[in-house]
**Q** 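Dumping the structure here so I can ask a few things about it.
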Amino acid sequence: MTTDVRLPDSLVPAYARLPVEFVRGEGARLWDAEGNEYLDLQTGLAVNSVGHCHPAVVRAVTEQAQRLIHVGNLFHTRPAAELAERLASSSLGGRVHFANSGTEANEAALKMARKAKQGGTIVSVRRAFHGRTYGSLSATPQESKQAPFAPLVPGFIAVAPTAEAVRAAVDERTAAVILEPIQGESGVYELGEELLRAAREACDEFGAALIFDEVQCGLGRTGRLWAYEHYGVKPDLMTVAKALGGGLPIGAVVTGERFAEGFEPGDHGSTFAGGPVQCAAGLAVMDVVSDPELLAVVRERGERVAARLADLPGVVEVRGRGYMLAAELAPDRAESAPELVRRALLEQRLVLNATGPTTLRLLPPLIIDEADLDEALDRLERLLGA
Ligand SMILES: Cc1ncc(COP(=O)(O)O)c(C=O)c1O
């Protein structure tokens, strides 16, 4: 059993790290420093959707890194222009503003909405997670994450995740409503078509921007390229990140027509955003995750995985779509979900995630083959049965 990681210890303890040092990854597999092989159903929290070190990503990154790594946003580069075109044409049809992460993509979207309606309020719903920087954190109404860092940004309103509550919160002062179509970090909760539609109608009525945060649920994770496609409700602004860089840091705001001119020079920016290496990786990722056959496999196998999860000992509820799934464990189970995740890693060589004391989250790579997926579920079954 790998439990002893002998590394320098100078990192601020901001993360509860598990006692494994990973040194290599390929597809759905990871290897630790002692040579043990693992199956990964966590994918660096929905980042490695095309698997670890996908050959097309490695090739694109290597070739680009040999030509040009950074030049900044005062010039054009082809990878950024092409990735922007690809993202916009596959979704909202407007334009793209690049960032370096999910939280930064949300900051940019919130600023665009506020600029369009200055002084306006931002509505978000409980259980949301939009990131850790101050704007995104202010739209993340979770006491444990917000309280130590108060005061937050003014003008944010949190309401219950229901159609009625969202409708009631939106009025002529509202600049934006920000929603994850499927809430990830709080345990994979679908907001549902009724809520999304109510938000769309309220935003239309009062000239507010509807922002969908697809940082986690976008890019094929749910078996559609964009999660909003399941519900037939389009936002004005959509944020993406996580899987987009194949493991490299990149985020983006995609706009519809209305916000295509959402910023002008001087409004907002970032030194690194939209760098050619990240964008070259993004183009390779888009090729993989846009494949309709892959998306159909994720939808269909996702349903089978959900059904199998529901039959596992101690699982009382399964939530989610495609390869974004949560298994809710019986609250009286002696072992918590984080303890289970630790045992899965060390005993079964299975990489999982817990979003809370009773919630396991599964985020398999979209490219995982059937045999590996079945093997991973067999390991989970052994674990839950033990
Ligand atoms: C829906 C959603 N939005 C935003 C973020 C923040 O992304 P990042 O950690 O890249 O800042 C996350 C991260 O988990 C997320 O799941």
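We number each residue from 1, following the sequence as shown.
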**Q** Mark yes or no for whether Arg221, through its side chain, and Ser49, through its backbone, hold a donor-acceptor pair below 3.5 Å.
**A** no

**Q** Less than 4.5 Å apart, any side-chain heavy atom of Thr355 and any of Glu185?
**A** no

**Q** Under the side chain to side chain contact (heavy atoms under 4.5 Å, CB included) rule, what do Phe212 and Leu92 come out as? Steps first, then yes or no, please.
**A** CA-CA 11 Å; Phe212 282 174; Leu92 307 183; over 6 Å; no

**Q** What do you reckon, is CZ of Arg301 surrounded by more than 12 foreign heavy atoms closer than 6.0 Å?
**A**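 For Arg301, atom CZ is crowded (more than 12 foreign heavy atoms under 6.0 Å).
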
**Q** State whether Tyr231 and Arg197 meet the cation-pi test: NZ (Lys) or CZ (Arg) under 6.0 Å from the six-membered ring centroid, and within 45° of the perpendicular axis.
**A**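 Pair Arg197/Tyr231 does not count as cation-pi.
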
**Q** How about Leu309 and Leu380: do any of their side-chain heavy atoms sit closer than 4.5 Å?
**A**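 Yes - at least one pair of side-chain heavy atoms lies under 4.5 Å apart.
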
**Q** Under the 3.5 angstrom rule, does the side chain of Arg361 hit a backbone N or O of Val188 as a donor-acceptor pair?
**A** no

**Q** Given 3.5 Å as the limit, does a donor-acceptor pair link the side chain of Gln183 with the main chain of Leu191, or not?
**A** no

**Q** Can you find a pair of side-chain heavy atoms, one from Lys115 and one from His268, that are under 4.5 Å apart?
**A**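 No, every pair of side-chain atoms sits at 4.5 Å or beyond.
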
**Q** Decide salt bridge (Lys or Arg N to Asp or Glu O under 4.0 Å) for Arg304 and Glu370; before the verdict, give the C-alpha distance in whole Å, the side-chain angles of both, and the deciding distance to 0.1 Å.
**A** CA-CA 11 Å; Arg304 279 206 297 111; Glu370 197 160 17; 2.3 Å; yes

**Q** Got a salt bridge between Asp378 and Arg382, using NZ or NE/NH1/NH2 to carboxylate O under 4.0 Å?
**A**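 Salt bridge absent between Asp378 and Arg382.
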
**Q** Any ion pair linking Glu375 and Arg379 (charged N to carboxylate O, less than 4.0 Å)?
**A**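 Salt bridge flag = yes for Glu375 with Arg379.
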
